[in-house]
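In this text the structure is predicted, and so the values were computed from the model without any measurement. By convention in this document, chain letters (A, B, ...) are assigned in the order of the sequence lines, proteins followed by strands, and residues within each chain are numbered from 1.
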Amino acid sequence: NAGVTQTPKFQVLKTGQSMTLQCAQDMNHNSMYWYRQDPGMGLRLIYYSASEGTTDKGEVPNGYNVSRLNKREFSLRLESAAPSQTSVYFCASREMTGSAYEQYFGPGTRLTVT
Amino acid sequence: TQLLEQSPQFLSIQEGENLTVYCNSSSVFSSLQWYRQEPGEGPVLLVTVVTGGEVKKLKRLTFQFGDARKDSSLHITAAQTGDTGLYLCAGRLSNDYKLSFGAGTTVTVRA
C-alpha cells in the first residue's frame, strides 16, 4: 500500500515549456486534490476532483489544467510554464472518517521555472 | 487574505519547554485539522476535531477546538527535537469538499 505517489520529484522548466505532474493513489478514495505550497502562504488549492469524472477549480486555477484519468489517477498540466509557477506541488486524496474528512498527501513535486 | 490565521509564524524553543500554536478565523468550521510537515515531505494528519470545545490529546500534544468552532490551538508539553516541523491547521466549512489551510507555524526545538 503506497498511499499517494507523485512523479516527478523534481523538475526544472524554462518559461513557456509544458509538463504534466502525475499523481496516483491506491486507497480507493473518491476525492483527489492538487495544491501548491509557497513560503508563508500555506497550501493553496489549485483544482480538485470530488469523484471520478468530475473536476472543479480551486483557489488558484489560472495557468493549470487537470485530468481525472480514472479513480486512481489525477494529473496536473502546465501548458505554458511561468516563473510564478515555481512552487512545491502536492497531490492529496481524501476519505471520510465519521463526520470529518481526512486528506492524505503525496511527497510533493518541486518545480522551478526559469 | 487567508481564511485561517496562524500565530506565531516562527517559534524556536529549547528542548523540554512548552509551546502553543494558535489558529484563528472569523468563519465557523464543521471540522478542523492539524497537520505536521517535515522538510521534503507532504503534510501528515495529526488530529481532527469536530465538536466545539473538544479537546484531544496525542501523547504530549493537546489540541483544542474553540466553543464557537472558529479557532483552535495546539499545545506541546516538554517539546522534543523530534517535534520540529511545520504545523498547519486546516478547516472545512459546512457542505464543502475543500479544506482551507493556514500559512503554518515553523517550530524549531533546539537540543
Atom of B/Ala103, atom of A/Gly40 and distance for their closest heavy-atom approach: CB-O, 3.4 Å
Co-membership, hydrophobic cluster, residues A/Tyr33 and B/Leu99, 4.5 Å side-chain: yes
Shared hydrophobic cluster, A/Val88 / B/Val44 (ILVMFWY, side-chain heavy atoms < 4.5 Å): no
A/Lys9, NZ atom: more than 12 neighbouring heavy atoms under 6.0 Å: yes
Atom group of B/Gln6 that falls short of 4.5 Å from chain A, counting heavy atoms: neither
Same apolar cluster (I L V M F W Y, side chains within < 4.5 Å links), A/Tyr48/A/Leu76: no
Within one Ile-Leu-Val-Met-Phe-Trp-Tyr cluster: B/Val109 and B/Leu74, side-chain cutoff 4.5 Å: yes
Separation between CZ of A/Phe105 and CG of B/Leu45, rounded to the nearest 0.5 Å: 9.0 Å
Structural part of B/Leu86 lying under 4.5 Å from a heavy atom of chain A: side chain
Chain A contacts, top residue of B/Ser100, B/Pro43, B/Gly42, B/Gly104 (heavy-atom pairs, under 4.5 Å): B/Pro43
Segment of A/Leu45 engaging chain B (4.5 angstrom heavy-atom cut-off): side chain
Within 6.0 angstrom of A/Lys57 NZ, more than 12 heavy atoms from elsewhere: no
CA sep, side-chain torsions, deciding dist, call: A/Phe90, B/Gln37, side chain to side chain contact (heavy atoms under 4.5 Å, CB included): CA-CA 12 Å; A/Phe90 288 99; B/Gln37 184 179 15; 3.3 Å; yes
Rounded distance (nearest 0.5 Å) linking atom OG of B/Ser31 with atom CD of A/Glu102: 9.5 Å
Connected via hydrophobic side-chain network under 4.5 Å: A/Val60 and A/Leu43: no
Flag, side chain of A/Arg110 to backbone of B/Gly40, donor-acceptor distance under 3.5 Å: yes
Heavy-atom contact with chain A under 4.5 Å, split by part of B/Glu41: backbone
Residue part contacting chain B, namely of A/Gln103, when any heavy atom lies under 4.5 Å: both
Top contributor to chain B interface from A/Ala50, A/Gly58, A/Gly108, A/Pro39 [non-hydrogen pairs under 4.5 Å]: A/Ala50
Interatomic distance, B/Lys98 atom NZ to A/Tyr35 atom OH [nearest 0.5 angstrom]: 9.5 Å
